[in-house]
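Just so you know, ligand 1 is whichever comes first in the structure, and atom 1 is the first atom listed for that ligand. Heavy atoms only: backbone and side chains are in, while hydrogens, waters and symmetry mates are out.
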Amino acid sequence: MKVGIFDSGLGGLTVVRSILDVLKGAELFYIADTKHAPYGEKSTEEILQYSLDITDYFLKNHHIDALIIACNTATSAAIATIRERYPQLIVIGTEPGVKPAIEQTQTGRVGVLATPATLKGEKYQQLVDTHAKTKNITLYEQACPGLVDQIEKGHIEHPKTQAMLEEWLAPMKEGGVDTIVLGCTHYPLVGEMIADIMEHRLSLIHTGEAIARRLLSLARQRGHLNYGETTLKLSATGTIDETIVHAILGREAAIETVAL
Ligand code: DGL
């Protein structure tokens with residue numbers, strides 16, 4: 001199995017970490033499109049174009065069998081077009097875990113943190129229409145402009161990041177939210193800070209493990225034998241903080257620059 005994985009930056013590595021836990025004997029190629037980050041504050045057309053360029057790059061240079069869109073924002077803007085264009089390719093996207101959050105909540109109050117583009121997208125609206133109306137649920141939706149930027153800059157344990165989160169989480173804390181959907185793959189990187197602000201009375205939902213399990217299942221259907229070493233090749237289109245990359249993955253890895 002050759003698997004291409006991309007995100008606007010560091011966030012998708014939280015998905016890579018989950019994939020490394022379950023997928024054996026595969027070649028993983030990761031692109032952090034840091035030249036164009038953050039995606040969440042760009043137009044749908046721009047995000048679609050970046051996603052198509054990366055998919056074409058993976059197909060041409062690495063002959064991938066599967067594509068993981070490790071980004072909620074790019075999934076919303078591009079997955080339908082990519083699936084239509086490449087029917088032979090396994091394509092797995094990332095969607096905010098609204099369904100598991102609704103299944104788990106005890107208070108019926110669920111928070112969703114995501115980028116402005118994800119929350120504005122049709123896909124998110126469909127997700128809410130399908131799941132949030134089945135139970136008596138109050139959703140606290142919060143767009144987090146600037147948060148991806150803070151994380152990319154390595155300003156994770158940083159007073160500005162703390163202040164942003166405190167402001168966004170205050171209504172959720174007051175309203176008795178007990179479950180928060182991390183609707184952007186960057187946000188697990190500030191998960192501890194979110195849990196601290198919410199005084200640990202909550203569950204945080206992210207979807208990396210579910211994506212990894214789905215990939216393994218689809219790979220097996222194509223005859224993948226799940227044993228042996230999995231390799232990872234990391235690339236970025238712009239600058240990236242290598243220390244954070246290594247901290248997320250728990251291992252050293254060289255990062256190449258690709259022109260896209
Ligand atoms: N990790 C991306 C996501 O899941 C971040 C998007 C951005 O670059 O704003 O939405």
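The contact set between ligand 1 and Ser8, taken as ligand atoms under 4.0 Å from a residue heavy atom, comprises 5 (C), 6 (C), 7 (C), 8 (O).
A side-chain N or O of Thr107 and one of Asp178 form a donor-acceptor pair less than 3.5 Å apart.
Legend: residues meeting side chain to side chain contact (heavy atoms under 4.5 Å, CB included) with Ala210, ordered by chain and number and at least two apart, are Arg213.
Using a 4.0 Å cut-off between a side-chain N of Lys or Arg and a carboxylate O of Asp or Glu, Glu199 and Lys173 qualify as a salt bridge.
Checked against a 6.0 Å centroid threshold, the rings of Tyr50 and Tyr39 count as neighbours.
Polar contact with ligand 1: absent for Glu41 (N/O pair, distance under 3.5 Å). An N or O contact shorter than 3.5 Å links Gly40 to ligand 1 by distance. Considering backbone and side-chain atoms together, Thr115 places no N or O closer than 3.5 Å to any N or O of ligand 1.
Shortest contact from atom 7 (C) of ligand 1 to any protein heavy atom: Tyr39 N, 3.2 Å.
Residue Asn72 touches ligand 1 through backbone and side chain together, judged by heavy-atom distances below 4.0 Å. If you look at Pro38 next to ligand 1, the close heavy atoms, those under 4.0 Å, come from the backbone and the side chain alike. Only the side chain of Asp7 comes within contact range of ligand 1, with a heavy atom under 4.0 Å; no backbone atom does.
Nearest-heavy-atom check against atom 6 (C) of ligand 1 across Thr73, Leu147, Leu10 picks out Thr73.
The backbone N or O of Gly121 lies less than 3.5 Å from no partner atom in the side chain of Ser76, so there is not a single donor-acceptor pair.
Atom CG of Asn136 is surrounded by 12 or fewer heavy atoms from other residues, nucleotides or ligands within 6.0 Å.
Minimum heavy-atom separation, Thr237 to Thr34: OG1-N, 3.1 Å.
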